[in-house]
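Report on the following structure.
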Number of protein chains: 2
Amino acid sequence: MKKIVLPKKEDFIPHLAYDAVIFGFNGTELKIVVLEYQKTHHFALPGGFVQYNQNLDDAVYQSVKNRTGLTDIQLEQCHTFGNQKRRNKKVLKDICKVHDHQINDDHWLLDRFISVCYYALLNFEEVTLQSDGLSDSIGWYSLDELPELILDHKEMVSKALEVLQKNLDEKLVGMNLLPEKFTMKDLQTVYESILQKKLVRTAFQRKILAKDILVRHEKKYTGKAHKAPYLYSFNSA
Amino acid sequence: MKKIVLPKKEDFIPHLAYDAVIFGFNGTELKIVVLEYQKTHHFALPGGFVQYNQNLDDAVYQSVKNRTGLTDIQLEQCHTFGNQKRRNKKVLKDICKVHDHQINDDHWLLDRFISVCYYALLNFEEVTLQSDGLSDSIGWYSLDELPELILDHKEMVSKALEVLQKNLDEKLVGMNLLPEKFTMKDLQTVYESILQKKLVRTAFQRKILAKDILVRHEKKYTGKAHKAPYLYSFNSA
DNA sequence: TATTATTGTATCTAACCGATACAATAGAAA
DNA sequence: TTTCTATTGTATCGGTTAGATACAATAATA
């Protein structure tokens, strides 16, 4: 078991954390990044702490970038969770125990934390997930197959999805979740997995085309025995 | 000039504040509460700090309650402002100077603060505004007659209004802004001042009545020479 | 060449909104 | 009392939009 190094108190604003619900689309369904603290069976959203000389937004962006290797990330703030019971006592102690690391009861990470939750949208295919210094494993999970998450992280996922749904029609959400070129069906599947309901194909196509946000390219021949769909890209770039 | 007492470091979570955009409706237009630190010409949103054993939401609620004397308040979180430049140095020093109060450069209130912004909706007529220990004056201001506000408080007002607009159709916003009984015109004026645009009278009435959220009561005779409108109340209580 | 699944688009209908019209007031003016 | 005026409540017409249905145009297979 590798030695772990906890974040140092003097580097970060105390009692303040952030967590990110990182959404990716694998072509079929929406997935989010969840990490597991090794051997402890504690699952959590990726998160971190804010340095004294760092903007909150930048801290979150850096963290998501480090976790995923990507720089093209759509970040939106969802909600700040400030319940006084938000503390990591058991989780952190378990982690330290597993790693044979001494931790005092008055360690700053055992205190109460306020956490600002963000969602991130990015291109699933380009991601290579990186574990961090706390030596955890990390992976993609479907929304309906999430493991039990620590603290209020489950609530964060709900809130993130809720905010994402509200933003869907005005924020060109597909842009960061899809590859450069995609079919109308791809886009519809993205919408359906975010809204968690089926959409009417013909009405969806009509509505999206009327928005005038797509450029139509060549057809995509999949080898299947039916009419080939057009490829599209977003024209807003 | 009265002696001031600054909040004590040991009572509150450092670097964490909240601010509230308190909306009231005076029958004609939307107003918000702004306070002025006496003689310093610094105007600010009412805000405060979170105690170690206090939920964030509760802290904000208590603060708004203390400022307004009301308990029936609709509170919604808008956004958390985390720019590293958010510090009150000049403002606080000016206040202390005016009050002949010594403050050290390393005072905790001079540090960087992250602030969680909320909006509050309440019944304008029932409010009696209370100044607080920092000995400031406090009053209602129209959105289009706001004085210059400290830090990013102007941005907070914009964000609050934006979130309020988004919530307008699903959150029964009128309930806390209007008295128990009100006319259709009153409700329409509330909607118009929030959305900052004129609405079509007949369509508005039709839409609201179709929602089935109002109970119709007796007519309201204003003494004017025209048909008297009905009074309504919300039925969701 | 016929078959099959899928795509792109047109058409029909129901719901909804803005615009318009108009009757029903409540009080003032004549 | 009668007339007048401003406002309110509601009905109706026309345009827009979404769901439902229909159907032609494929791309590969049988």
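So that the names make sense, note that chain A is the first sequence line, chain B the second, and so on, each numbered from 1.
Atom NZ in A/Lys211 sits about 18 Å away from atom P in D/dT16, given to the nearest Å. Atoms CD (B/Glu218) and C1' (D/dG9) sit 17 Å apart, rounded to a whole Å. Taking atom CD1 of residue A/Ile208 and atom P of nucleotide C/dT9, one finds them 14 Å apart after rounding to whole Å. A straight line from NZ of A/Lys198 to C1' of D/dG19 spans 16 Å, rounded to a whole angstrom. As rounded to whole Å, 13 Å separates atom P of C/dT7 from atom CG of A/Leu187. For the pair A/Leu199 CG and D/dA18 C1', the computed distance is 12 Å after rounding to whole Å. Taking atom CD on B/Gln205 and atom C1' on C/dG18, their separation rounds to 15 Å, with Å as the unit. The distance from atom CZ of B/Phe204 to atom P of C/dC16 is 17 Å, rounded to the nearest whole Å.
Among C/dA19, D/dT26, C/dT9, the nucleotide with an atom closest to any side-chain atom of B/Val200 is C/dA19. Among C/dC17, C/dA26, C/dG8, the nucleotide with an atom closest to any side-chain atom of B/Ala228 is C/dA26. Considering only side-chain atoms of A/Pro229, the nucleotide from C/dT7, C/dT25, C/dA26 that sits closest is C/dT7. The side chain of B/Lys227 lies closest to C/dT25 when the candidates are D/dT10, C/dT25, C/dG8. Counting only heavy atoms from C-beta on, A/Ala225 has its side chain closest to C/dT4 among C/dT4, C/dT9, D/dG9.
Where A/His226 and A/Arg206 meet DNA chain C, the nucleotide closest to each residue was compared, and A/His226 sits on the side nearer the 5' end. DNA chain D is contacted by both A/Gly223 and A/Ala203; A/Ala203 maps to the nucleotide lying nearer its 5′ end (nearest heavy atom per residue). For the pair A/Arg201 and B/Thr183, nearest-nucleotide mapping onto DNA chain D gives the more 5' position to B/Thr183.
Salt-bridge formation is detected for the pair B/Lys31/B/Glu29: a Lys NZ or Arg NE/NH1/NH2 atom is positioned less than 4.0 Å from an Asp or Glu carboxylate oxygen.
In this structure, B/Thr202 reaches the bases: a heavy-atom distance under 4.0 Å links it to at least one base atom across the strands shown.
Heavy-atom minimum distance, B/Leu177 versus B/Gly24: CD2-CA, 4.0 Å.
In this structure, B/Thr68 contributes its side chain and B/Leu70 its backbone to a donor-acceptor pair below 3.5 Å.
Between A/Lys224 and the phosphate of C/dT6, there is no side-chain N or O to OP1/OP2 separation shorter than 4.0 Å.
Aromatic ring centres of B/His41 and B/Phe43 lie farther apart than the 6.0 Å criterion allows.
Counting heavy-atom neighbours within 6.0 Å of A/Glu170 CD, excluding the residue itself, gives a total above 12.
Side-chain N/O atoms of A/Arg216 and base N/O atoms of C/dG8 include no donor-acceptor pair closer than 3.5 Å.
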